[in-house]
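Let me begin by presenting the structure, written as structure tokens, before commenting on it.
For clarity, every value in this text was computed on a predicted model and none was experimentally measured. Hydrogens, waters and symmetry mates are skipped; everything else that's a heavy atom, side chains included, is used. The sequence lines fix the lettering, A, B, ..., with proteins before strands; numbering per chain opens at 1.
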Protein chains: 2
Amino acid sequence: MAKMLRGATAQETHSAILDLIRSSGTVTRVDLAERSGLTGASISRVVKRLLADGLIIETGYGDPTGGKRATLLQFNPRARHAVGIAVDTPSTTYVVTDMSGRVIEQLSSRGIGKDAPATAVQRITAELEDLIVKAEIEPSTLVGVGVALAGRQGRGGTRLLRTDSEKYAWEPFAVRDTLKAAIDHPIVVENDSTCAAIGEFWAGKIPSANDFATVYLAAGFGLGLVTNGDVYRGSSSNVGEIGHMVLDVNGPMCWCGGQGCLESLAAPAAVVARAEQDTTLADKLGLRGRQTSVRADFAKIARLAAGGDTRCVGLIEESATYLAKALLSITNLLDLDQIILAGPGFSEAGDIYVRVASTELNRLSFVRAMHPTRVELSKLGPSAAALGAASLVLHSQLTPHQNARS
Amino acid sequence: MAKMLRGATAQETHSAILDLIRSSGTVTRVDLAERSGLTGASISRVVKRLLADGLIIETGYGDPTGGKRATLLQFNPRARHAVGIAVDTPSTTYVVTDMSGRVIEQLSSRGIGKDAPATAVQRITAELEDLIVKAEIEPSTLVGVGVALAGRQGRGGTRLLRTDSEKYAWEPFAVRDTLKAAIDHPIVVENDSTCAAIGEFWAGKIPSANDFATVYLAAGFGLGLVTNGDVYRGSSSNVGEIGHMVLDVNGPMCWCGGQGCLESLAAPAAVVARAEQDTTLADKLGLRGRQTSVRADFAKIARLAAGGDTRCVGLIEESATYLAKALLSITNLLDLDQIILAGPGFSEAGDIYVRVASTELNRLSFVRAMHPTRVELSKLGPSAAALGAASLVLHSQLTPHQNARS
DNA sequence: CGCACTTTAGTACACAACGTAAGGAAGCGG
DNA sequence: CCGCTTCCTTACGTTGTGTACTAAAGTGCG
């Protein structure tokens, strides 16, 4: 129980200024002075240091305004790199990115499936080491490895890895410590929804002042929250379990023990189950008679919906309507002005979800009179979680503001 | 767009240390050094200053531990005072408190009813001036006036005052500026739910590290959120509109345009409406044949429920069950570990709400395996909002950490 | 009861980071 | 070319914290 103040170390100021440059794209020293509240003299010193570290570069001169033209400053994306890994049941995705979120190198392999945590993590470690070598980046520019997990945070910082995709069983496993022992770089572990959120924040150059949420859809729904330029983690780092928000008190029983949960009404498994009821559609999709995965079946339905198939559009719209209701509740609760939809579940028919949710929010949200609530599809694509995990490392190492934890 | 850094001014450190003393009750300098991360030398200097300002006092010596006994430090509650006003439709409550949240002086008058905002605020100003004189506090110790409103925050800092309690019509009115022009003290305006939350935080000596929510029930439900020792306000200061969380997608239409909202299912008006369906009960309560207020009728039902009347217990439990579902969703979303129920709506039968919500959360919440989610009744009583408004002023003036705004 | 030891509280000085003030550098316009 | 504006840097003062040391106040054992 120590360290809580320690006033404005250089570290802190540097990271705050770097964060301003990150979110601004291109800025001048004068802009920075104005927006940070520091004087030109201080900015000069900080910028000099950031230039020396190679974290930013001078890229030209601004428009003349009657005097000396200002030097333009930009983030230097190639100064540092990070690795992001998204571990999920069906697949594991690895990316090596630079500071702008651009993918330098990537790799996909099979997911944890029903492997024991120790087995899965061991394989991941090996693949990770190979990837780092293959990416041919200067080792000193690698700031760390971020891991996005579908699991949850347990007591004492232990991550719980899911080992059985059907029954949602979690098993305590010290993911971070195990990886840390094998890889000599900082390791950051977070859930996939939070990673997706920080990925949008970083790659989308979202200013630290904005509060927004990212809905991540893989097997189920999760929500990542970024407020005041930092991840909101709650009292035990288990924020964002929206899959069991109650949308229908008289609805169907959910495995969690509740009734009418978002997940049981709108998750891929629910959509697929409804499709199976429709024999014509089920035959068309090949859902009957053979063992298939829920994710693959859902992707098929979503693809047909995106193509305009009436019946499939109906199924996806039904799912989207439930999600929209949940987002409405969340928006009223947290007064958000931006919600981003990310993850593999939205890759095929994300537009339908955006349309339905957007309409609903702007029809019913309480703050609609003050400001619109924008609903957007992630621009990061299907590897949003992996990219986000990498961004999380960059964020926590380069612009830690006041967030501890590593 | 300025001021954002300015590293560790004396102000900031002083307020952080003061906040530690506030939330600790009694501490020694050594404790403070350990918990703040500062060295004994710095604590010595800061404490000297706080003692000189009269904000804290030395109250004796700690237990011997083999050396010189430590001097005990405490908050000096009488050093500063604040006024809190809760403005609601049926009544307006004024309190003058010291820094511990103890009520020095209070006053109740009629609410805004259907008065125009200008008329209501003018009357409040006059009553406020009388109260300050009557309280006989040293003017220099009055740090400001806090106002808790049921209304909402509009564009450009204007508060919206509700002018018609039945139709939920709001009218823009610059409450703060109007009061500020009349009273020469800092004025802080917030919604009643947020005030109740900060009141619990302050009077309950809750440490800044804790995240918790307060549900405030008057005409409808509202939620105030305190995270990281400060009020969470969202993007337009309209956090906590939980009254229109969707609990039943197929439920009854709500005036807001949605279906199955918490408010339409569980608010006092809904409970009273159900009671009116029961002719025996309606007669017993005198609900029929004369013009009565929803709030008064609800209070009657709640009182009978608290007394054990089976039918009324059923009605309240029904309302509590809906609220519990909403709290379940909120807890899963925000990973809270403490929820406090406050406001006039809970004064009669709050215990029933606590029991039902507590049971539901510990049965179904996703974090229950990691930590319990405590549901508690406010200890501040029916004037929670007014007390909270006063606390908000004390908080914003004495321990502003990094929150600007005034 | 005295003396060594422990713990708390305060002081003196060095260091770090920001602000102020002044001036140099680069460009504009007459 | 020269005055003027704007950008950027350097030199120095202020503020606040840490380190090291000292004073004060108590404990406990011989």
Between His395(B) and Ser391(B), a side-chain donor and acceptor under 3.5 Å | no

Select one nucleotide: of dA17(C), dT17(D), dG19(C), the one nearest the side-chain heavy atoms of Thr13(B).
-> dT17(D)

Whether Phe201(B) and Phe212(B) hold their rings parallel, tilted or perpendicular, with breakpoints at 30° and 60° | parallel

Whole angstrom is fine here: how far is it from CG in Asp31(A) over to C1' in dC8(D)?
-> 14 Å

Figure out the CD/P separation between Glu12(A) and dA16(C), and round it to whole Å.
-> 17 Å

To the nearest angstrom, how far is Ile43(B) atom CD1 from dT19(D) atom P?
-> 14 Å

Using atom CD of Glu34(B) as one end and atom P of dA9(C) as the other, report the distance to the nearest whole Å.
-> 13 Å

Going by distance alone, is a donor N or O of one side chain under 3.5 Å from an acceptor N or O of the other, for His81(A) and Thr97(A)?
-> no

Start with the C-alpha distance between Asp211(B) and Tyr232(A), add both sets of side-chain angles, then the distance that settles side chain to side chain donor-acceptor pair (under 3.5 Å), and finish with yes or no.
-> CA-CA 11 Å; Asp211(B) 291 355; Tyr232(A) 178 68; 3.2 Å; yes

Sidechain-backbone polar pair: Ser24(B) side chain, Thr26(B) backbone, donor-acceptor under 3.5 Å = no

Mark yes when over 12 heavy atoms from residues, nucleotides or ligands other than Arg49(B) sit less than 6.0 Å from its CZ; otherwise mark no.
-> no

When rounded to whole Å, the CZ to C1' distance for the pair Arg49(B) and dT17(D) reads 16 Å

Atom CG of Leu72(A) and atom P of dC7(D): how far apart are they, to the nearest Å?
-> 12 Å

Between protein and nucleotides 10-12 of chain C, what N or O pairs are separated by less than 3.5 Å?
unit_1: dG10(C); atom_1: OP2; unit_2: Arg29(B); atom_2: NE; d: 3.3
unit_1: dG10(C); atom_1: OP2; unit_2: Ser44(B); atom_2: OG; d: 2.8
unit_1: dT11(C); atom_1: OP2; unit_2: Lys48(B); atom_2: NZ; d: 3.1

Mapping Ala70(A) and Thr39(B) to their closest nucleotides on DNA chain D, which lands nearer the 5' end?
-> Ala70(A)

May I have the distance from Leu38(A) (atom CG) to dT20(C) (atom P), rounded to whole angstrom?
-> 11 Å

For the pair made of CD1 in Ile17(B) and C1' in dG16(D), what is the distance, rounded to whole Å?
-> 13 Å

Heteroatom pairs (N/O) under 3.5 angstrom, protein to nucleotides 25-30 of chain D:
none

